[in-house]
K.L.:
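Got a structure for you, written out below as structure tokens; questions coming shortly.
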Amino acid sequence: MSYWLVSALSVVGFVLVGLTLSRVYFAWLHRNHHEADASDEIHFVRTEDGARLALYRYRPKGDQRRREPVFFVHGLGANKYNLDFDEAYSWARGFARAGFDAWIVDLRGAGMSVPPKPDWNWNFDDYARQDVTAAVAHIRQATGAERVHWVGHSMGGMLLYSYLGIGKPEWIRSGVAMGSPVRFASRHGLGAALKLAFLLDHIKYVPIRTAIHLALPLIPLIRNSAPVRSQMNPDNIDLGFIQRVAYNAVHHLPPALLKQFSDWVVNDCFRSADHQVDYQAALRESTVPVFVISGAGDILVQPVNAKHAYDLMPDSSGKQYLEVGRATGFGHDYGHIDFVFGRDAAKELFPRVLEWVIAHDSGSAQAPEAPVVTA
């Protein structure tokens with residue numbers, strides 16, 4: 001047998017072994033980390049440009065019934081599990097238990113939602129002009145409510161800010177934005193990613209989901225690394241649990257979306273991809289009360305960059321600001337995903353946000369004055 005034939009057979013053998021091991025590994029991941037959807041209903045909604053969105057609904061529980069539904073919007077590269085993971089870590093289910101009709105969206109390309117074309121060619125503007133617009137309209141139609149409360153994490157809060165300018169702000173009763181920047185004066189956790197931005201012109205999509213799945217066993221071993229700390233305060237999160245979250249909640253990203261984020265970071269702005277719409281502008285005249293929340297330990301979104309949204313909004317809007325950390329009475333300085341998955345987030349932060357939304361629900365008494373709480 002020739003040398004080249006032996007070499008070729010060896011390569012084929014290694015490839016087959018690798019494929020077999022990878023199938024075993026991913027099957028093991030699914031068996032040990034998969035979280036099934038537990039929502040009461042799944043609604044599918046078409047956007048004007050043809051995307052098919054999944055909206056998950058939890059009907060209100062208990063004797064209390066609130067007037068307006070709550071719309072939950074996930075962050076960048078995530079899906080509905082970002083805000084609805086399991087019984088212990090689900091903002092949507094918590095609001096449903098408090099009497100709210102709770103809805104969570106999968107933005108296009110995430111979870112069960114499908115973009116209009118399989119070309120991975122969409123950006124933040126498509127989320128803002130198409131996805132959340134269609135979702136809010138459907139929730140109003142399905143519930144009969146005139147307005148909705150909006151709770152967004154990271155990019156989900158940024159979409160709230162954009163909607164106040166290019167959507168129908170009269171449809172929003174109140175908003176909550178957690179770790180949502182409108183300026184990028186300090187790059188920090190985004191700096192390293194910008195060095196790889198040149199690759200975005202040469203790939204179809206960024207395989208974040210695959211990369212995370214391959215790296216899951218390493219997360220506890222690299223707890224103090226820069227990539228982990230940019231996303232969370234490892235002292236405030238059970239890293240074994242976060243492996244389950246990462247398996248379910250992370251999705252691939254389109255290059256066009258990341259290029260738009262790159263523009264914001266490089267130019268310290270928050271604008272449409274064609275530079276025609278300044279998403280900050282509407283905040284200066286907003287009348288919608290928004291609860292702006294930052295994390296004292298958030299490296300990805302520094303508190304100053306999240307608080308800028310609060311600074312832009314007029315006092316008359318009924319805005320409120322909270323920096324979540326030890327200096328303001330919390331057990332830890334919260335990182336970027338700690339708002340939802342921090343060890344004590346359900347006991348420390350969730351009640352504050354729930355109280356805010358209840359106070360601004362049309363079925364409640366007039367909302368109290370909203371103080372600024374910073375370190």
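The figures here come from the full heavy-atom set of this structure, side chains too, leaving out hydrogens, waters and symmetry mates.
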K.L.:
Is His74 reaching over with its side chain to a backbone N or O of Leu107, donor-acceptor style, under 3.5 angstrom?
P.N.:
yes

K.L.:
Give a yes or no on whether a salt bridge exists between Arg57 and Asp101, defined as a side-chain N under 4.0 angstrom from a carboxylate O.
P.N.:
yes

K.L.:
Do side-chain atoms of Asn233 reach the backbone of Asp333 as a donor and acceptor pair under 3.5 angstrom?
P.N.:
yes

K.L.:
Ring of Tyr58, cation from Arg93 - is the NZ or CZ under 6.0 Å from the centre and inside 45° of the axis?
P.N.:
no

K.L.:
Indicate the ring-plane relationship of Phe341 and Tyr89, choosing parallel, tilted or perpendicular according to the 30° and 60° boundaries.
P.N.:
tilted

K.L.:
Assign the ring pair Phe100 / His149 to parallel, tilted or perpendicular, where the plane angle (0 to 90°) is split at 30° and 60°.
P.N.:
perpendicular

K.L.:
Taking the basic N atoms (NZ, or NE/NH1/NH2) and the acidic carboxylate oxygens, is any pair closer than 4.0 Å for Arg59 and Glu41?
P.N.:
yes

K.L.:
Before accepting this row, confirm whether a basic side-chain N of the pair Arg244/Glu35 lies closer than 4.0 Å to the acidic partner's carboxylate O.
P.N.:
yes

K.L.:
Considering only NZ, NE, NH1 and NH2 on the basic side and carboxylate oxygens on the acidic side, decide whether Asp235 and Arg223 come within less than 4.0 Å.
P.N.:
yes

K.L.:
Any donor and acceptor pair, going by atom type alone, linking the side chain of Arg65 with main-chain N or O of Gly62 inside 3.5 Å?
P.N.:
yes

K.L.:
Quick one, Ile104 and Trp91 - any side-chain contact, counting heavy atoms below 4.5 Å?
P.N.:
no

K.L.:
Checking side-chain hydrogen bond (donor to acceptor under 3.5 Å, both in side chains) between Ser362 and each of Glu68, Arg67, Glu146, which is the one that passes?
P.N.:
Glu68

K.L.:
Taking the six-membered ring for Trp and the full ring for Phe, Tyr or His, determine whether the centres of Trp150 and Phe71 are under 6.0 Å apart.
P.N.:
yes

K.L.:
So, Ser90 side chain and Glu87 main chain: donor-acceptor pair closer than 3.5 Å or not?
P.N.:
no

K.L.:
Please check this pair: side chain of Ser180 against backbone of Ser154, looking for a donor-acceptor N/O pair closer than 3.5 Å.
P.N.:
yes

K.L.:
Are the side chains of Lys259 and Asn123 in touch, meaning some heavy atoms are under 4.5 Å apart?
P.N.:
no

K.L.:
Do other residues, nucleotides or ligands put more than 12 heavy atoms under 6.0 Å from Glu48 CD?
P.N.:
no

K.L.:
Examine distances only and state if a side-chain atom of Ser162 and a backbone atom of Leu159 form a donor-acceptor pair shorter than 3.5 Å.
P.N.:
yes

K.L.:
Check Asp268 with Arg183, please: is the shortest side-chain N to carboxylate O separation under 4.0 Å?
P.N.:
yes

K.L.:
Using side-chain heavy atoms (C-beta onward) and a distance below 4.5 Å, is Asp106 in contact with Tyr56?
P.N.:
yes

K.L.:
Would you confirm whether Asp119, through its side chain, and Asn121, through its main-chain N or O, come within 3.5 Å as a donor-acceptor pair?
P.N.:
yes

K.L.:
Measure from the side-chain N and O atoms of Asp125 to the backbone N and O of Ala128, and report whether any donor-acceptor pair falls under 3.5 Å.
P.N.:
no

K.L.:
For Arg108, is there an ion pair with Asp49 - N to carboxylate O distance below 4.0 angstrom?
P.N.:
yes

